[in-house]
Amino acid sequence: MSAKFTIDDLKRILREGAGTDETVDLDGDIAGSDFEELGYESLALLETGSRIEREYGISLDEDALADARTPAALVDLVNSHLAARAV
Amino acid sequence: MSVVVTGLGVAAPTGLGVDAYWANTLAGVGALDRISRFDPSGYPARLAGEIRDFVDEDHLPGRLLPQTDRMTRLALVAADWAFADAELTPSDLPDYDIGVITASHSGGFEFGQNELRALWSKGGQYVSAYQSFAWFYAVNSGQISIRNGLRGPSSVVVSDQAGGLDAVAQARRQIRNGTSVVLAGAVDASICPWGWVAQLTSGRLSEHDDPRRAYLPFDEDAAGHVPGEGGALLVLEDGAHAAARGARVYGEIAGHASTMDPAPGRDRAPTLQKAIQRALADAGAVADEIGVVFADAAAVPELDRAEAEAITKVFGPRGVPVTAPKTGTGRLYSGAAPLDLAAALLSLREGLIPPTVNTRPSERYELDLVTGEPRRAHPRAALVVARGHGGFNSAVVLRAPDPS
């Protein structure tokens, strides 16, 4: 299996591509929080998805990306793509 | 009904915030210098009026930084300052009762340049999703609207330098149509290689390297202008609304007119004079009422002559004090005229006309150009003139608040 995508990778990419809301502690326990509560609207997630795709060489389905409402869900989505590629 | 100005937000090369800008403008401080934002050595024009003391992170939340061009960052902060100056909290107003109307010269050029570079050198996957709006003309209005919850009439006007006045005029129309408050004005910034190359095509940029001799409107040595970055946003308010909340009033937007010059090659005169006369008529003012004129000050001999002729035909030779504090900031494109409105309103309030810097006025223009020291005067009304590349002319008449 290829490199695993972790929540820390996601946090780094969120910071680089979309910045952080000062009222949100991204280093806290955010895995189950809704992206909207974390201050990320759909465009921020589009940018995040695009950065993940180019860094990890995968292609994320737009609908699946939109359905991933939390960091944990997005991490799972990316890992399922990485696992599928490794097969 | 009257439309009054109750708040000023200024981001200029000569000062961030109204107080710093005004103090430096009265002192005749010049901010023109060799470009530091990129290496200008390969370009024919190398000077600009840059804002050098703006630290983005000090003023804006982290979520906004990846999605904003420099001009938008400056505009967002100028908007914050304007509302603070007006002692107005937009969320206190009823929904749809406050809008934002800005002008833009070129949109977010630096952001666009970076993303086009990424597209060209790395591919489409490397282009920011925020490119979808960050370089648009309307982006400053949009971001200011989102940040402050301004859901009233909002738009953008694109007519180069004249746009700064045209946006204020459009705001005035919306207030007359029933909106209580509109934030209006412009902040432009495109001192980046792509923006620079675009500006060079006008053929109007000064190629001098001495900041004190590079931008000299109404001077025998006039040879083009130096661009700058920044501008101003003004809180415009229904006079009754301002009075009801006890707001301090800087002055009234009393009159406006805009005209279009005939196409090149037509045997007809430029129409700036008509714009001035119609703005006076719109204000119900006679020429004698105007105590100071803030000039467009192109520093291209033919354009200086056209402006001087328009002014002297309306006011008579040396008939009114004229000034161009933009000689200290460079031409800010759409941001220039709103900044002139701010300076003019401060002139009305303080009885001081700020000087034009560096220019040695040529006798041929027959203008009473204020140079050197600020001039003590007591203007009750001011005229601000702006022209845009391609034949746009615009003029606004401001009146001091009623002393009663």
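Model, not experiment: these values are computed from the prediction. The chains referred to below are lettered A, B, ... by the order of the sequence lines, with proteins before strands, and numbering in each begins at 1.
In terms of heavy-atom pairs under 4.5 Å with chain B, the best-connected choice from A/Ser50, A/Gly49, A/Gly17 is A/Gly17. By number of non-hydrogen pairs under 4.5 angstrom with chain B, the leading residue of A/Leu14, A/Thr23, A/Leu43 is A/Leu43.
No donor-acceptor pair under 3.5 Å is formed between the side chain of A/Lys4 and the backbone N or O of A/Asn79. The main-chain N or O of B/Glu50 is never found under 3.5 Å from a side-chain atom of B/Glu229 such that the two would form a donor-acceptor pair.
For A/Glu53, the parts lying under 4.5 angstrom from a heavy atom of chain B are both the backbone and the side chain. Looking at B/Phe133, the atoms closer than 4.5 Å to chain A (heavy atoms on both sides) all sit in the side chain, from C-beta outward. Of the two parts of A/Glu55, neither the backbone nor the side chain holds a non-hydrogen atom closer than 4.5 Å to a non-hydrogen atom of chain B.
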Donor-acceptor contacts under 3.5 Å from residues 178-187 of chain B side chains, at least two apart:
from, atom 1, to, atom 2, distance (Å)
B/Ser180, OG, B/Asp97, OD1, 3.1
B/Ser180, OG, B/Asp97, OD2, 2.6

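Aromatic pair B/Phe111/B/Phe136: centroids not less than 6.0 angstrom apart. For B/Phe109 and B/Trp194, the distance between ring centers is under 6.0 angstrom.
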